[in-house]
Amino acid sequence: MSFNYFTSFRTIEVTDFLKALGICLVVLNHSSWHNLEGGLNILILISGLNFARFSLKKDNTELALDIARLLKKLLIPSLLLMGFYSLLFNKFDWKEILLISNFFYTQKIAAFPVWYVQVITQLMLVIALIAFVFNFAKWTRISLLGFSLVMLFFSILIPPFIDQYLSSAELFWKLPHYIAWNFILGWVVWASIEDENQSPLKLCICWLLIVISAFIVFQLYQEISINRFLIFSSFATVLLLFKKIQVPTIFYRPIVILASAVFYIFLLHGGIMYFIQILMIDHFSYATVAVCKFFISISLCCVLFILVTATLNALKTVRESSSKVSNNS
């Protein structure tokens, strides 16, 4: 039985596989392996793909409701955590709480990537506004791919013009106009793979767009490490070519949990690492601390996700049982 367990394979959605890898890269990068960049870019790409898959063809009202639900899930825990860190460190930054500090400086109080929450919120609000003005549904129902390509073109063209008035480099490009292309590229990928009868030419063109877009932004605009370009392009290619992949059975459950717990890990790993650093830095080597920060933060976040999910499911079962009893009586 153990032999089968280690040699058998199970099928998993490629988006779940890449979400798990992406969040692991984010945590590894924050653990001190700073050359492993690109994980967050993959998560943004998948977010864009899911947005195109579930929301982009909807009319303005339904699209606005989807954006409101997304922001609710993002902002409530994020703002609560910001408040917690403000109390913990006895500091307060109204720009951080109002989700605009990424336009002024890179410092933060909260021990998680606040800029990401700010940028996604800003980007969603801009998308909602543009959708209201230009009626996305009208164009996406004609050609989702054509619409996505036009939006991608403008999202890559706009950053240099904004940079004439705002020093993006000093803010490490953590701004909505430097993330928009990444999110919209997910629309292009979905538009290329949604049809079951995928055209090889369409896939080839989409792959070229992935590589060219990433090269323009990462290497020409930002002039940052080639590692981010290579990692992002490789993972995005896998997303384009495969809908499902086979993984060894022993890794299936951990991958599923990691993919499901992405938001928990994203929000909480920084705080866990902060306390691990304080407790271990004077007693262990740099490498040992880095390894512990990665494994302990990932593990604790996944355990918390499992406990919260199990609790919510149990409460849901109790409510449903109580409702049935009330109805029967």
Side-chain angles (χ1 to χ4, degrees), residues 19-20 22-34 39-40 43-44 47 67-125 171-172 174-176 179 257-283 289-316:
K19 280 166 65 178
I23 196 62
C24 284
L25 281 178
V26 170
V27 179
L28 275 171
N29 189 40
H30 293 165
S31 299
S32 294
W33 282 282
H34 299 302
L40 194 53
L43 297 179
I44 294 171
S47 296
I67 290 176
R69 281 190 286 266
L70 187 154
L71 292 180
K72 178 183 176 182
K73 291 179 181 179
L74 176 69
L75 292 180
I76 291 177
S78 299
L79 290 172
L80 287 174
L81 205 53
M82 288 181 201
F84 167 77
Y85 283 117
S86 293
L87 292 173
L88 180 65
F89 299 127
N90 195 26
K91 296 179 180 179
F92 181 80
D93 182 355
W94 65 269
K95 291 177 183 175
E96 184 170 304
I97 298 296
L98 291 178
L99 308 175
I100 59 172
S101 63
N102 59 313
F103 281 99
F104 297 92
Y105 39 73
T106 58
Q107 298 91 342
K108 58 188 176 67
I109 297 172
F112 69 94
V114 173
W115 71 266
Y116 174 81
V117 176
Q118 295 172 332
V119 165
I120 292 299
T121 301
Q122 294 155 6
L123 186 59
M124 288 296 101
L125 293 177
L171 299 168
F172 296 115
K174 296 175 179 179
L175 300 162
I179 299 299
I257 293 173
L258 281 169
S260 302
V262 161
F263 192 47
Y264 282 72
I265 298 170
F266 174 80
L267 284 181
L268 300 175
H269 77 275
I272 296 171
M273 287 183 179
Y274 172 79
F275 288 107
I276 292 173
Q277 179 84 5
I278 292 174
L279 293 172
M280 297 184 64
I281 192 63
D282 294 329
H283 307 287
V289 174
V291 170
C292 289
K293 285 197 292 186
F294 173 75
F295 284 107
I296 293 175
S297 60
I298 287 274
S299 300
L300 288 180
C301 291
C302 287
V303 168
L304 179 62
F305 166 77
I306 293 169
L307 290 174
V308 171
T309 303
T311 301
L312 292 176
N313 289 337
L315 291 173
K316 181 180 178 182

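- To the nearest 0.5 Å, atom CG of residue Leu125 and atom CD1 of residue Ile67 are 8.0 Å apart.
- To the nearest 0.5 Å, atoms OG1 (Thr309) and OH (Tyr264) are separated by 5.0 Å.
- With no hydrogens or angles considered, a side-chain donor-acceptor pair links Gln122 and Asn102 at under 3.5 Å.
- Around NZ of Lys73, the count of heavy atoms belonging to other residues, nucleotides or ligands within 6.0 Å does not exceed 12.
- Side-chain contact between Ser86 and Glu96: absent, with no pair of heavy atoms (C-beta onward) separated by less than 4.5 Å.
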Could you go step by step and tell me if Ile298 and Leu258 meet the side-chain contact (heavy atoms from CB on, under 4.5 Å) rule? CA-CA 8 Å; Ile298 287 274; Leu258 281 169; 3.8 Å; yes

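- More than 12 heavy atoms of other shown residues, nucleotides or ligands fall within 6.0 angstrom of atom CZ in Phe89.
- Here the side chains of Leu312 and Lys316 are not in contact, with every heavy-atom distance at 4.5 Å or above.
- At least one side-chain heavy atom of Leu99 sits under 4.5 Å from a side-chain heavy atom of Leu75.
- Residues Leu88 and Phe275 share a closest heavy-atom pair of CD2-CZ, 4.1 Å.
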Under the criterion side-chain contact (heavy atoms from CB on, under 4.5 Å), I'd like the reasoning laid out for Phe266 against Leu43: C-alpha separation, chi angles, the key distance, then a yes or no. CA-CA 11 Å; Phe266 174 80; Leu43 297 179; 5.8 Å; no

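- The environment of CG in Asn90 is sparse: at most 12 heavy-atom neighbours from other residues, nucleotides or ligands sit within 6.0 Å.
- The shortest side-chain heavy-atom distance between His269 and Phe294 does not fall under the 4.5 Å cut-off.
- Nearest heavy atoms, Ala259 versus Ala20: N-CB, 4.2 Å.
- Separating the CG atom in Leu123 from the CD1 atom in Ile120 is a distance of 6.0 Å, to the nearest 0.5 Å.
- Distance check: Leu300 CG to Ile276 CD1 gives 7.0 Å after rounding to the nearest 0.5 Å.
- Side-chain atoms of Leu81 and Leu268, non-hydrogen and from C-beta on, do get closer than 4.5 Å to each other.
- Rounded to the nearest 0.5 Å, atoms NZ (Lys108) and OG (Ser101) are 10.0 Å apart.
- Of all non-hydrogen atoms in Ser78 and Phe112, the two that sit nearest each other are O-CZ, 3.8 Å.
- Residues Gln118 and Ile100 share a closest heavy-atom pair of NE2-N, 3.8 Å.
- In this structure, the separation between CG on Leu40 and OG on Ser47 is 8.5 Å, given to the nearest 0.5 Å.
- A 4.5 Å side-chain heavy-atom check between Val289 and Gln277 finds at least one atom pair inside the cut-off.
- Taking a 6.0 Å sphere around CZ of Phe172, one finds it holds 12 or fewer heavy atoms contributed by other residues, nucleotides or ligands.
- Using a 4.5 Å heavy-atom cutoff, the side chains of Ile265 and Phe305 are not in contact.
- The aromatic ring centres of Tyr274 and Tyr85 sit 6.0 Å or more apart.
- The shortest side-chain heavy-atom distance between Asn29 and Leu25 does not fall under the 4.5 Å cut-off.
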Please step through side-chain contact (heavy atoms from CB on, under 4.5 Å) for the pair Tyr116 and Ile44, ending with a clear verdict. CA-CA 10 Å; Tyr116 174 81; Ile44 294 171; 3.6 Å; yes

Step by step, would you call Thr106 with Trp115 a side-chain contact (heavy atoms from CB on, under 4.5 Å)? CA-CA 8 Å; Thr106 58; Trp115 71 266; over 6 Å; no

